[in-house]
Structure formats: structure tokens, C-alpha cells
4 protein chains.
Amino acid sequence: MKALVYHGPGSKSWEDVPDPEIQDPTDVVVRVETTTTCGTDLHILHGDVPAVTDGRILGHEAVGRVTAIGDAVRGFAVGDRVLVPAITKCGRCEYCSRGMPSHCQTVGGIGWIFGHLIDGTQAELVRVPYADTSLYRLPDGIRDEQAIFLADSLPTGYEVGVLAGNVRPGSTVAVVGAGAVGLAAVLTTGLWGASQVIAVDTNKFRLEKALEFGATDTVEVGPGSVDDVRALTDGAGVDVAIEAVGYPETLRTACAMVRPGGTVANVGVHGVPVELPMQDMWIQNLVLTMGLVDTVSIPTLLKMVASGRIPAEKMGTHSFTFGQMDEAYDVFANAADNQALKVIITPN
Amino acid sequence: MKALVYHGPGSKSWEDVPDPEIQDPTDVVVRVETTTTCGTDLHILHGDVPAVTDGRILGHEAVGRVTAIGDAVRGFAVGDRVLVPAITKCGRCEYCSRGMPSHCQTVGGIGWIFGHLIDGTQAELVRVPYADTSLYRLPDGIRDEQAIFLADSLPTGYEVGVLAGNVRPGSTVAVVGAGAVGLAAVLTTGLWGASQVIAVDTNKFRLEKALEFGATDTVEVGPGSVDDVRALTDGAGVDVAIEAVGYPETLRTACAMVRPGGTVANVGVHGVPVELPMQDMWIQNLVLTMGLVDTVSIPTLLKMVASGRIPAEKMGTHSFTFGQMDEAYDVFANAADNQALKVIITPN
Amino acid sequence: MKALVYHGPGSKSWEDVPDPEIQDPTDVVVRVETTTTCGTDLHILHGDVPAVTDGRILGHEAVGRVTAIGDAVRGFAVGDRVLVPAITKCGRCEYCSRGMPSHCQTVGGIGWIFGHLIDGTQAELVRVPYADTSLYRLPDGIRDEQAIFLADSLPTGYEVGVLAGNVRPGSTVAVVGAGAVGLAAVLTTGLWGASQVIAVDTNKFRLEKALEFGATDTVEVGPGSVDDVRALTDGAGVDVAIEAVGYPETLRTACAMVRPGGTVANVGVHGVPVELPMQDMWIQNLVLTMGLVDTVSIPTLLKMVASGRIPAEKMGTHSFTFGQMDEAYDVFANAADNQALKVIITPN
Amino acid sequence: MKALVYHGPGSKSWEDVPDPEIQDPTDVVVRVETTTTCGTDLHILHGDVPAVTDGRILGHEAVGRVTAIGDAVRGFAVGDRVLVPAITKCGRCEYCSRGMPSHCQTVGGIGWIFGHLIDGTQAELVRVPYADTSLYRLPDGIRDEQAIFLADSLPTGYEVGVLAGNVRPGSTVAVVGAGAVGLAAVLTTGLWGASQVIAVDTNKFRLEKALEFGATDTVEVGPGSVDDVRALTDGAGVDVAIEAVGYPETLRTACAMVRPGGTVANVGVHGVPVELPMQDMWIQNLVLTMGLVDTVSIPTLLKMVASGRIPAEKMGTHSFTFGQMDEAYDVFANAADNQALKVIITPN
């Protein structure tokens, strides 16, 4: 088959590789019908994730059909249309039992293994371990271009942003960073009845998208961003600030926007330490949360996409074929300039 | 009457001042029968709390009897024995309604006003505003030297440490810093069924006290503290780390001891920014909490003290009279050297 | 002033009575600008509530303006526009401290005292005890005919139905009984992201209203109601059934509609015992909740009405003046026949 | 091998049957080293559970060692010492994902299948399906006679009583019925810091045991039981009443003992409908919970047994060998007369 293979920092190629096969009785093989790219793929290409080594097939998001199943697989059959989520889970370790498969001890100490510790989904075929506990069957009513964003972006914005942030009916929410994941938080925060959702970004296209996705207000980043957010909330600050960038400055901005008793939900992936003004923060009764997605919210999100309450397809702004994998990466790597959120990549 | 009056950084005196009187119909006046000192009083004397000005009577913890009541007071009568807690609450603002009177908007934007924004409890008499919603009646079975620590230390360790840290049956807990507030956390963590409570400190006396207060293990601070804590938890790290010191290094130590999915509950009062290794922490699914005590757990703690489950009196290691106020402060200011936790100060 | 006075079962009159005055320093007097009637008022007139005696002014819902304040009132001033909710709360007893003023021990052992234990709101003026902790100030943007339903119906449907029922994003919900309170549950269940809301009633007008208020499906009551609800949920039954009638049969119907692990939230006022099939229910891991409204959700509901997310004014189907009090009661007593939900009663 | 085989109502025998074998790749076979009897076994023998048919091996609790494993089993190896819990779980259906395997859709629509839908544990060997997600490895420090009660009784009292009842630090708790499961609730309620635990029973031996297991008070059943419980709680009633009998009268008694805002946790297995005084209860803001155990608390309970906080071995009052199976059943069937709680049954 063909697959996108990593060859060290800065180097990847869409090339011939052997077809994956069933290795364990709990495996299935899936023919990929839709995949996409993620910010993490870019980090890998920059050489920031040393666990990814030469020869690894990239990608951790897919929609496809089962082509082979192991002897112990009971929940899926050949031909089933499935969502392959970013997180693989054994369903029985202590972390999986607690609903936190992001740290599944069985599959690798961490639940994110596709395109990281094993071959990934930017390929014609992908082997999925622990299939019974990891895959999700897709209802007919949900199209590929809706489902694909439930593999990672939407549950990340929802779980690590909205749920961890403890959004409740009437909450005021600021989302700092309106890229794909920040917009996923905007798109799903309404499920919990937020009364106000303020998108904060430097990019006008993204702020327009935020309004389209359900934000009630926007703030352009600048020296007065925090004051602007406070002004929109009667001077109080927001109940919940969702950080979806991953820089020291944006996390501090998020912390500064929150009212006493509020929550800062960090979604961003950080590369360096962050200095926090604890001398001011300690007395504010704040909660700061952070983490990798568990993807356990996928069943809820599937219902919401099926009922039309979450227009997941709006996340996909550009489409490519497998043969255009390089173009897909280029557009996504310069998402803001290209007015891109997420890309959709299909066989033809 | 006599009272301990602040006269600017480094200066205080036990001197004659006018008796307090009822100013608002919701006030009462309390004759102080027991008071104590707090780390915050030391911060004030160091000049770290500019809101406290020359002439202010210090102290925010007391047990006493009501000597006068305003026209609108319905819950208390002259002669009632009461606990005056560190936090004053109106009972009706948005924060009080949410159970977070630490930020009561009515009494001062912050619930801590005694010995801060109004005259305090290190005095023969103290005026208590919003008495109906702020005071707690004391049952006969609870002695002064038990009750006094429910004014601040015990609820701080319990609410900001144990409750915010989300201790649950079976949890493993580390308490970094075994001073009065850290030990209050040790003393109350058993209420939630922790399976392991590890006290971490530099001082042997405090570590011995920790074992006496319910800790299961102790770790002396050193370059290997984090490894020691991990070793005590099968390499996993603790579910909850309670930081009860207030320095950058101790907060980072607490963060390093926690397993994926755990909580770091910061109880310490910080004076400078703290740099956190977010590049390592973001993926650990951690929660970091912080805040000022609300004192809303006092009814629960009173029950537990009354039933003998919390031996609150163990917090008091040294006793003084009002006339020995300076000695009381000196001993408390050098608590570790004096094998002191909290002091008890009474009229005679 | 004029007021609607109860004179024993079946007897009431709009007559002259003395103006109410400040009795306690925590009282205010409110000039009523809008009031309404409630099913409880009908129960009283039927003689079902013996605590209500001859001479009592009826009513427990009002919007109006403050005309006098007691010496201890700090949160309100003469001229303030306020909502007088069904529940009066001291703000300091154990129940109020736990957010359950429905059982405030101070105001009467129960928080519902207007038109019950003290004179009520169907009058030109009403005395409001514990004003600081009981009244809500109304923002300018909320009109009387929106606010009036926040005094009782909307918080009842929301708190006793939606919140107690633990509706969560993706939940399937059945509301058994689409009268005013059942429809209040329909109107507010969307705040928590329910994926399906099935209204169940005998009355076509009410079922139509339910769809207009946000229901996704309707089921006409009949021998097959339970099967119909199951059919709408892939055979599983709903996650949450809200009972808003108060009869044994309707409560059993609600219990029969719920899937394993679900919740039955009883909102109906019951007059007789109810036999439940515990031999079938015990193994279904069900939760059955019940209770009187606390009205503590009013701040959240006010935000949602102000932001347009809850069109509260749709609850009011008929308008009357104070002089037409009898007609208002007649229409409301035969609400289904009159295609009425709630009535709006104003001075002119 | 030998096993206890059911032959229709009233009939069972310890007889030769074929050894169980691996049927599915996710199976293991366990050699039983300790088993016990449960009230449910008695119900089956009375003919109350028609799903159990002639030829079925009884029992759903065991401690033993793995003797064979299927190809897909990854978490266990031959020789491992394991706990076989009452509930079998697939770990991937909607109910298992929600932590409610009591209703696992995969294993049988219900998680209780041993000695019910498949052959059980009162045998020399037992086949365990879905072994990776169902079995628990036992630490060396836990003895068989401690572990065996974690298969069903202890998690039932803890999950369906203490957890569902929402016991919290300071709670007052009544346990109606001090048989094995009621005492399991008494034994585990301290994990959540209850301030008062009142055991209610007709039997003096059981009430004595209750005190030994951690109850603070006892009440002998009689016409004044409810008044007695109220008198022990300053007239208020308890926060939580746990019903551990399964009769209409005992459930009504439990409901009558609870204060406003409290919870009634029904643990008893009911055989007939129950009439509840909803005309009194609806206004009390009560919660009534019920259900089959999930056994998901076993990891927590194992920690607590290992640390000595739960003396689980006290549940076992009588010991028998496999050959004395009939005597074991007889003693257990007349537990109160025999001063028996649970029996321990071992090969020799």
C-alpha cells in the first residue's frame, strides 16, 4: 500500500510500504477513507517528538471500513464503517477504568500511539490494536467529513476545554486562540448552556469563524485584550478561560481574564516552562486544568452531530487526495494565511 | 479595652483603645476568650500587606461570648458562646450564594476583613459585622482550645487542601510542608478515606507530629524527595499533592510528585511568580487549585471535633495570656525552632 | 389597599385590607406590578392546605418596586425593581447554607410562606421578610411578563426537573405532563444539551406548545405511551423522565420509560400514596428525585432570559387586571380547555 | 470435577460434572480456592429466578488461581491468584463505558451471569468470560477469607448503599437491616467520614456486630424505631438511610427516617410492589436510589483491606469444605438463628 512515512526532521514521503496485518487477536485492519492532519504532526516533522523514529507512518485520525479482524474481536465485523480515534485504549487498566485512557498503561503508557509509537492513519490501511475498546461504529447519517473531526479536534476542544473548564448554564467563557481546537471548544461550549462565549485571536478570519461557530463576542489580541474581556463581562472577568495556543504569554492572558472562583482550561501544547503570577493568583480561588484528550466523549459528540446540534463539517475548510499529501501539509502548516482550519484527505 | 495595635512594619503594641460598639443593625460585639496568631499576622508585620494601616487591631481568629447585638440580629443573643471565623460573609452576594464567601463582594471584595480592613480579634472585645451569616454557635462539648483552630487553620487545610485536592477513599496524598496548615490537612484528610498520607518537610519535629496527626509515611526534604514519594507509591506518584509552604520550589516539588490525572492543591501564600514546567505538565492531565479559605466547612468540622474524629486541640502547642502577646508572637514567628504549631492566647 | 383574600375552601374576594408595613428591620415592602396564579393557589381554594386560614392574602409570585425598607436592609433601596420569588430565605440556617432554602428553618420550617404562612402577592402591596437574601433585582432588559415566571414555574421545572434529573449533553428526556411546569422543564432542558426531549400529554394544544418550546417529539397519552417513548429511543428508554402531573399513574409511567441507570425527577405535587413496582425497579439502577423548588437558579435563569436563550414570556398566554382576579382564576383553573398556560395579572 | 448443580426449586446437589474449558479467546479458567453463598442463591433455590434452569452450577463469588487462558487474554497468566467478582463486564458497551457494568449489554443484558446465565463458582473450576476486563489480581497481603467478600457483599453495601446514598464527611446515616450487606455498608461508611452510623435491626447479635463494625448507635426495630432514630439526631432525621432488607415496610421505614434533602439508598432485593407516601415525601426534597452492584469499587476496597482500614474478614463467621456444601447453605439460610453473617467454603 501507499502511506506517508516519516524520515527524520523535515522529511516525509508518500511511498510504498507493506500492507499491515493482524498481529494480535484483538486487532482489526481498517481501510482509510478519510484522514486529516493535526498540529502534532507538524511538531513531529519539526523533530520535537523524539519517540517518533525514521520509518514511522504518520497520522492519528481516520474514518474507514474494517477489512480484517482478529480472532478475539467481538464488537466489529469486516465491512463496518468506523471512526479510528487518536487514543487507543485497553479498557481494563487503572487509567482506562477511571475514564482516562489518555494514559492507558497497556497500549504504551500513553493512549496516543498512532503515528507515534505504531504506524498511523495517513495511509491506505491501518492496523488498530484493542479494536473492541478503541473503535467507534459510525451511524449512516454521519458523513465522513463530519466524523473525521471527532477523531481528535472536537473531543480535544470539548473534553480538555469545555468539560475540564466546568462550563455550566450561564457561564461566561473566553477562548484564547481560535484555531481548529479553539474553535472546537467554541462549537461545543453551547452544549453546556454558556451565556457568553468570547473568542480571542490575532486573526480576523478566525474571529469571523468563531462568530459563525457560536461565539457571542470577539476580541482582537492586543495590549488591551484582558481589559476588553473584562469590559464584556461587567468588569468581572469570565468564569472559564480556555487556552488553545500553548505559549507562556497566552496562558498568562487566560489566567488574567478569569474571575475569582473561575477555571483556566489549558488545551495548548506547551514547549517551554511558563511563569505564572502566583503572588496574585493564589488568592483568586482559581483552578488550572490541563491534559491530553481521552476521546471518551465521542459517543456524546456523535449524537450531537447526528442531531444537527454540532455542525462538525464546518471544521473542514480544504480537501485533498492521498496523492496531494504534501499540499495538504503545506496548507495546514500555514493555516492562518490560507484561511484554513482542518484539511480533509481522501483516496481520490 | 486593651488590644494589639499595628503601628507600621515591625511595630505593634498591646495598648488601650476605645471599646468597639454596634455600628450596623447586623453587628454583634464579642468578648474574646481565646485567640491565636496566624502566618498572615507575620506577613502584615513584615509590611507585606499594605491594606493594613497604622492603628489597626490585628487578628482574625477568636472564640468568645456575645456582649451586644444589633437590632436586626436574629440568630444570636447576648451571652452566646461563638466562634469568630477568619471570613466574614454577607450571605447574599453572588459569591456567598455560590458558597465562596472568601470573595464576598459586600464585606470588602474579600471575606477576610478582621485585622485587615477592620479591627480584629487580638483584643478584649471585637465588633463582628454580618453576625447572623458569619458567626457559629459553639456546642458545650467543644472546648475553647479545640474551637479556636476552626477559625482559620483547620478549614484552610481542609477546604483549600483536602477538598480542593479532591481526596477520595483510597487516594494517596502527599502534604508538602508540615507546619500548622499542612498538619491541618493531614488531620482532616482521613475524613475522606485517603489510603496513604505522606508528610514532606525539613523539620523532624513536624514530621513526628505528622505521624501523630495521621500521616502514614514521612519524607525529609532533600534532592531525592520526589523519588522518595514515588517509591512509596509503587513508582506512580500520588493522587493528590497539597502544597502548604508558598515557595516556587515547593510548588514545583508538589507538581512533580503527582501521577497523571492527579491534583495539586496549593494552600501556600505566594509572594513571587512561579515558573512551572508546562512542557512536561500539560500532557499529565493535572489539575492545579489554589485559593483563600471560605470557612464554609466549619459546621462539618465542628461535628467531627465534637465526635472526637478530629483532635483539633493537638494544634495548640503553647499557651499565653493577653499580657504575653509579644512572647506569643515570638514563639510563633520561630515555630520550627520552638517546636510550636499554633499558640493559644487567653485573657489570663 | 386591595388584595385577594382567602375565606375558607371555595371562597376568596378582591377586597380592601390594611396596607402592609415594615415589621422587622430586614423587611421591605414591594408595590406589585405583575403577579400570577399557580396550581398551589387552586389546591388552597380546594381546602387541601389547612395551614392557610381565613383572612390570608393569596399568591407567591410577583414583580414590583420597593416602596419601603427596614433599617437593616443593605441590598435594596426604595424604587428598585425586583422579583419576589416563591421561596423566602434567611440565608444563614443549615438548609440555606446548603443551597436548599425550600426548607429554610428560620422563615417557617419551609421556604414557601407567601400566601401560605404570611400574606401573599396577589395584592397591591406585599411585605417581604429577609429581603436582602430573598429578593432579586431585575435588569432593565427583562420585561415584567418575562420575569414573573421566574418567581416559581421556571425554576420549578428547571431545578426539580432538569437539574434534579441530571440532564447532560446527549441525554434523552421525557416530560410527562406538558402543563406550565412541564413546559418550563421543556424550555430549560436545552441549557444542558439534551439530544431528545419527548413531551407526553393528553392535550394536543399542550403538545403543540411543547414543540414550540423545544421538544423534539411528542407522544399522546394512551395505553401505548411507554412503548411509544421506547420506540423513539431505539428501544432503550430515556435517560431522564420528568413527572410534572402528580398522580400515581403518571409517576409509574415515568418510571417505566426510563432506561437502566436513568433518573425519574418527580415535579408533581402528590395527594395520595403511590405504589411503585420495586420488584422490577430495584435492579434497574434508577434514581428517583422529588422536592419543592429552592429558586436558587434564578440568577442563572435571569441571564438566560436576558440573553434570549429562554423565551420566558411564552409561558404567559392570558392577561388580566387586578379587578379581573376572578376571571384570571377561572381561566387558569380550566387551563387545558382555555388553551392557557400561565396568566399575567397587572394593576390595569 | 465436582460442582453444586441446581435441579429445580428446592433441589441442588454436589456432583460430578465435566471440567469447564476455554470457549472464547477472552476466557480464562480458574481453580476455586474459596467461595461463599449469597442471598441470591437462596432466592434461586426458592424458584424466584426463572432464568436459572436445571443443570446450572450455582454461585457468583470466588477467589482462586488461573489454570488456563484464551489466546486473547493479556492481563492474566496461568498461576495468577484472582478475585472472580459477581459482575462480568465486556469493558466496551455503553453501560461498561459509563462505569455501570451491572447492565453490560454484551455479556447478557445484565452483568450478573455466574450461577445465573452461565455456570458459577460453587465448583472446583469455573470458566470466566471477558477475563481481562472482569477479573482482579489479588495482592499477596490479602488473604482468601478477606478477598472473598469483595466479590459481592462489600461492594454491594458500599456502592449501592454508601456511594449511592452520597455519604459525606459529617453525614448521619441509618442502616435498616444489619445482615451481611447492611453490615458491609456499616463497615465501609467510615471511608466517607460519616459522623454517626445507626444500625436498625430486630436481632441483638446483628446489632452487636454492627457496633463492632463501626456503628455508633443501634436501634431495635419496633413501633418507635423512626422516633428513636430521630431522637438520636436531635429530632432532624438522618442524612442518609440505607435499606438493606427488601420489604415494603422496611423501605417505608427508611424513607420516614430521612431529613429534608436526604437520600434513601435501597440495597434490598424486592419481590413485591411498595406503596410510598408520596403525599408526604414529594415536598421533602428526597432522593431514592436503587440498583444492582457494579463491582467497580473493588480496586478501592482492595486498597482499604490491604491497609487494614476495612477488616473484611469479620464478615466470615462460619467455615465449611466443598463436601459440606449443604451444611453451608443451611447455616446461611438461617443466618440470624445461627449468628452467621457470611460463610467461607474451601476445598478442604
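The analysis underlying the following values was restricted to heavy atoms, covering all of them including side chains, and did not include hydrogens, waters or symmetry mates. Numbers restart at 1 for each chain; the letters A, B, ... are given by sequence-line order, proteins then strands.
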Are the side chains of D:Gln279 and C:Val269 in contact, using a 4.5 Å heavy-atom criterion? no
Give me the contact list for residues 88-107 of chain C versus chain D, heavy atoms only, anything under 4.5 Å, ordered by residue number. C:Glu94, C:Tyr95, C:Arg98, C:Met100, C:Ser102, C:His103
Bottom line for D:Asp294: the part with an atom under 4.5 Å from chain C's heavy atoms is side chain
Separation between CG of D:Leu276 and NE2 of C:His270, rounded to the nearest 0.5 Å: 10.5 Å
Highest number of heavy-atom pairs under 4.5 Å with chain D among C:Val274, C:Val287, C:Thr289 belongs to C:Val274
Counting heavy-atom pairs under 4.5 Å to chain C, which of D:Gly261, D:Ala265, D:Ala164, D:Pro260 comes out on top? D:Pro260
D:Asn285 side-chain N/O to C:Met290 backbone N/O, donor-acceptor pair under 3.5 Å: no
In sequence, state the C-alpha distance, the side-chain angles, and the governing distance for C:Leu292 and D:Trp282, and then conclude on side chain to side chain contact (heavy atoms under 4.5 Å, CB included). CA-CA 7 Å; C:Leu292 182 64; D:Trp282 78 266; 4.3 Å; yes
Residue by residue, which of residues 241-259 of chain D have a heavy atom closer than 4.5 Å to a heavy atom belonging to chain C? D:Leu251, D:Arg259
